[in-house]
Amino acid sequence: MIVQEKLQAIIDAILLTAEVPLTIEKISTYFDADEYIARQDIKEALSVLQESNDRRGFELIESASGYRYQSKEAYKQWVTKHWQEKPQRYSRVFLETLALIIYRQPITRSEIEEVRGVAVSSNIIKALREREWIRVVGHKEVPGRPAMFGTTRELLDYFKLKSLDEMPPLAEIQNIDQLYPELDFSSSDDTDDIADHVKH
Amino acid sequence: MIVQEKLQAIIDAILLTAEVPLTIEKISTYFDADEYIARQDIKEALSVLQESNDRRGFELIESASGYRYQSKEAYKQWVTKHWQEKPQRYSRVFLETLALIIYRQPITRSEIEEVRGVAVSSNIIKALREREWIRVVGHKEVPGRPAMFGTTRELLDYFKLKSLDEMPPLAEIQNIDQLYPELDFSSSDDTDDIADHVKH
Amino acid sequence: MTDSADQPLISKNEKTPFAIVDGNPLLVPPEDLYIPPQALEVFLDTFEGPLDLLLYLIKKQNLDILNIPIAEITEQYMGYVEMMRTIKLDLAAEYLVMAALLAEIKSRMLLPRHENIDDEDDPRAELVKRLQAYEQFKQVSYDIDELGREGRDFWSSDIEPIYQQEEKALPDIELEEILLAFKNILNRADMNVSHEIQREALSVRERMSHILASLQASHIMEFTQLFDTSEGKAGVVVTFVAVLELLKEHLVDIVQSEAFAPIYLQSASQSTE
């Protein structure tokens, strides 16, 4: 049995870390049947949480797709500074994730993780979607119905390609060292981020 | 002029939306010069924010790279349901290799192999570097100039530690002289007693 | 031996000090150490190498690491190595090296010791040092595993930032970077045979995404609607192959109410709901 105050804290933690807005229905799936959480309990917890942020920098917003924490409009001037300095380059994980979506689409996040061998952070997926380079093209019919990602027109435009066919085929990628002989592609353990090689 | 209470809310919004931990130094760059925000003001705001989360599902943590909001561990059972897949478990090779790099850094691959008694696959080193948990901190001046590895701030952040000192301590190696004080090892020529050799 | 109470296995059956076994050692491994040959591979998989196996043998017998009965342990260890050989297990070189080391220590211990070389290291000292260091790290690696960590025990806040859209600057990216990134993945995939990445026409995969996205909007589409004849023969083939690929991956279903009726394509989710 979870008391109302604990329920609030749990939902607080869930909303803080959620990548997408959550409906009451969806939130109820976070609890097991033997925890006996009624929709009404969740609703009450949410309304307490909505009232709890007067002195804070964020608020709980309810939209058509559900409940979501977001920073308050009043502070956007400062929040914007996260992106004020132009980031120099994307991380290797970012590039590899994008490469996999391009070459293996439609692909789910866990399929990407399987090939890469390590986790793909939600920030990367978010950033790719924000740039409108990838989009959800469907859901895979496996438990959890994970989203499948594919590339967009915008991505092609960005690289000034007419179609993805203009991307070099895999065979050529294997020999990319010969394609761009001026770059040093030695793949030893000690080479630094691949981006270094590309940029110089 | 920004009053302290507003400053708290602004920093709250900044930290909640940041993708990486932020230091006080870094937070100060979010303000323009004419806003006259001193480091001390930020520090005070942060300590108020750190005290403000008793009844919430999250807390403000200071780790090696700075401050960041995280869900409380007490609620992991529910928060983890965001993701279909179980959190990744690390293999023993992975953990042992990491432990050696943590406690013996700077260390070369062959030094790791020496302690573990088996070859370290390059995939492990690669995976550790890809996570940015370790990096090459130099090269040993022996034939082949092998890379020496050390840990990064990202590793500490991952475990929400401020410094390596907070890592679990290494167990003391048993000192037989203290374990069996009744034995006089120094005069013994018993072939079984090796303790004095071990220690010197 | 002074701490025989802690070492029931050794001192019970053996009166002579283990170091001077003299060609007549305890050959029979204790019952609880016996591993059926069929299980050996699985058994060995749980060890991180020869040191780990040795540590296990020592712990299993509740022996003090500082007082390893070399003869005893060597016999057992060699027993395992022999078993590995009989069932033709791909024997890691490290295990053989350790076996050789144990045999060497054993033989040196059988040699008479001279009084005047007492500063010579006990042959076991080096091994004990290594075992201790290894045990230390093995233990601490479990402690590290217990530490609370991101993505398992806690997660970073991920709330929606409200910002001034027009001011958000994004990094540039070069096409070559993508290629390199993918090459990198391929290199890794090469090492891991379970991940097969074959050459595949990219346009097909792109078209797969496209069809799925259209199905999201309209839920069901007539088969013929999928094709755009203005794309020419190549385009039609690409679409057709994409549909087949989607079918193969169970991402879409094809439905037809009766023979010669129009064929419809719907996403697999549609049909299960």
Side-chain angles (χ1 to χ4, degrees), chain A residues 16-19 58 68-73 76-77 79-80 82-84 86-90 92 95-96 98-100 102-106 114-117 119 122 131 135 137-141 145 148 150-151 159 163-165 167-171 173-174 176 180 185 187 194-195 197-198, chain C residues 151 154-165 167-190 192 194-195 197-203 205-216 238 246 249-252 267-269 271-272:
Chain A
L16 185 88
T17 52
E19 290 162 25
F58 66 100
R68 180 89 165 102
Y69 276 137
Q70 62 180 43
S71 61
K72 286 182 183 161
E73 183 89 20
K76 69 176 178 187
Q77 167 191 352
V79 170
T80 301
H82 285 315
W83 302 280
Q84 188 183 41
K86 192 162 181 154
Q88 281 312 293
R89 58 174 60 125
Y90 284 119
R92 176 165 158 165
L95 294 171
E96 290 187 6
L98 178 57
L100 271 169
I102 291 174
Y103 283 94
R104 302 293 295 161
Q105 63 182 296
E114 203 173 293
V115 179
R116 288 201 67 253
S122 60
R131 287 204 82 155
R135 60 186 169 151
V137 294
H139 292 268
K140 194 156 186 156
E141 286 312 311
R145 303 191 70 245
M148 291 184 294
T151 54
F159 290 122
S163 96
L164 274 187
D165 277 346
M167 292 288 282
L170 292 189
I173 291 179
Q174 294 289 27
I176 194 166
Y180 304 95
F185 291 142
S187 57
I194 46 158
H197 301 293
V198 175
Chain C
F154 58 87
W155 292 264
S156 293
S157 101
D158 194 11
I159 81 167
E160 189 73 31
I162 301 300
Y163 55 91
Q164 289 150 337
Q165 297 281 348
E167 287 183 29
K168 185 166 171 175
L170 296 165
D172 284 325
I173 193 168
E174 306 285 333
L175 191 52
E176 288 78 21
E177 292 180 79
I178 304 283
L179 303 183
L180 259 180
F182 198 61
K183 177 187 159 66
N184 229 28
I185 295 170
L186 289 178
N187 286 346
R188 277 209 305 276
D190 280 348
N192 198 341
S194 64
H195 301 133
I197 295 184
Q198 313 140 337
R199 178 170 185 163
E200 216 163 350
L202 267 183
S203 51
R205 300 223 66 101
E206 188 184 20
R207 190 62 55 100
M208 286 164 69
S209 285
H210 184 79
I211 293 171
L212 282 175
S214 325
L215 281 174
Q216 265 196 322
V238 164
L246 286 167
E249 295 184 16
H250 303 294
L251 298 173
V252 297
S267 63
S269 50
S271 48
T272 52

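A note on names: the letters A, B, ... follow the listed sequences, proteins ahead of strands, and every chain is numbered from 1.
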**OP:** Could I get the full list of salt bridge (charged side-chain N to carboxylate O under 4.0 Å, His left out) partners for A:Lys140, not counting sequence neighbours?
**Re:** A:Glu111
**OP:** Check whether C:Ser214 gets within reach of chain A through its side chain, its backbone, both or neither, counting any heavy atom under 4.5 Å.
**Re:** neither
Subject >> Test item: A:Ser71 side-chain N/O and C:Ile162 main-chain N/O as donor-acceptor pair under 3.5 Å >> reply: yes
**OP:** Nearest 0.5 Å please: distance from the CG atom of C:Leu179 over to the OH atom of A:Tyr103.
**Re:** 5.0 Å
Subject >> Closest non-hydrogen atom pair, A:Phe58 against C:Ile159 >> reply: CB-CD1, 3.7 Å
Subject >> Pairing residues for A:Arg68 by the salt bridge (charged side-chain N to carboxylate O under 4.0 Å, His left out) criterion, not counting sequence neighbours >> reply: C:Glu160
Original post:
What is the minimum heavy-atom distance between C:Tyr163 and A:Lys76, and which atoms define it?
Top reply: CA-CB, 3.9 Å
**OP:** List the steps, then state whether side-chain contact (heavy atoms from CB on, under 4.5 Å) holds for C:Arg205 with A:Leu164.
**Re:** CA-CA 9 Å; C:Arg205 300 223 66 101; A:Leu164 274 187; over 6 Å; no
Subject >> Heavy-atom pairs under 4.5 Å with chain C, option from A:Ala99, A:Gly150, A:Ala18, A:Ser163 with the top count >> reply: A:Ala99
Original post:
What distance do C:Met208 atom CE and A:Arg104 atom CZ have between them, rounded to the nearest 0.5 Å?
Top reply: 9.0 Å
**OP:** Please confirm whether the backbone N or O of A:Val137 pairs with a side-chain atom of C:Ser209, one donor and one acceptor, at under 3.5 Å?
**Re:** no
**OP:** Find the distance between CG (C:Leu180) and CD (A:Glu96) and round it off to the nearest 0.5 Å.
**Re:** 10.0 Å
Original post:
In terms of heavy-atom pairs under 4.5 Å, which option from A:Glu73, A:Gln77, A:Met148, A:Arg131 contacts chain C the most?
Top reply: A:Arg131
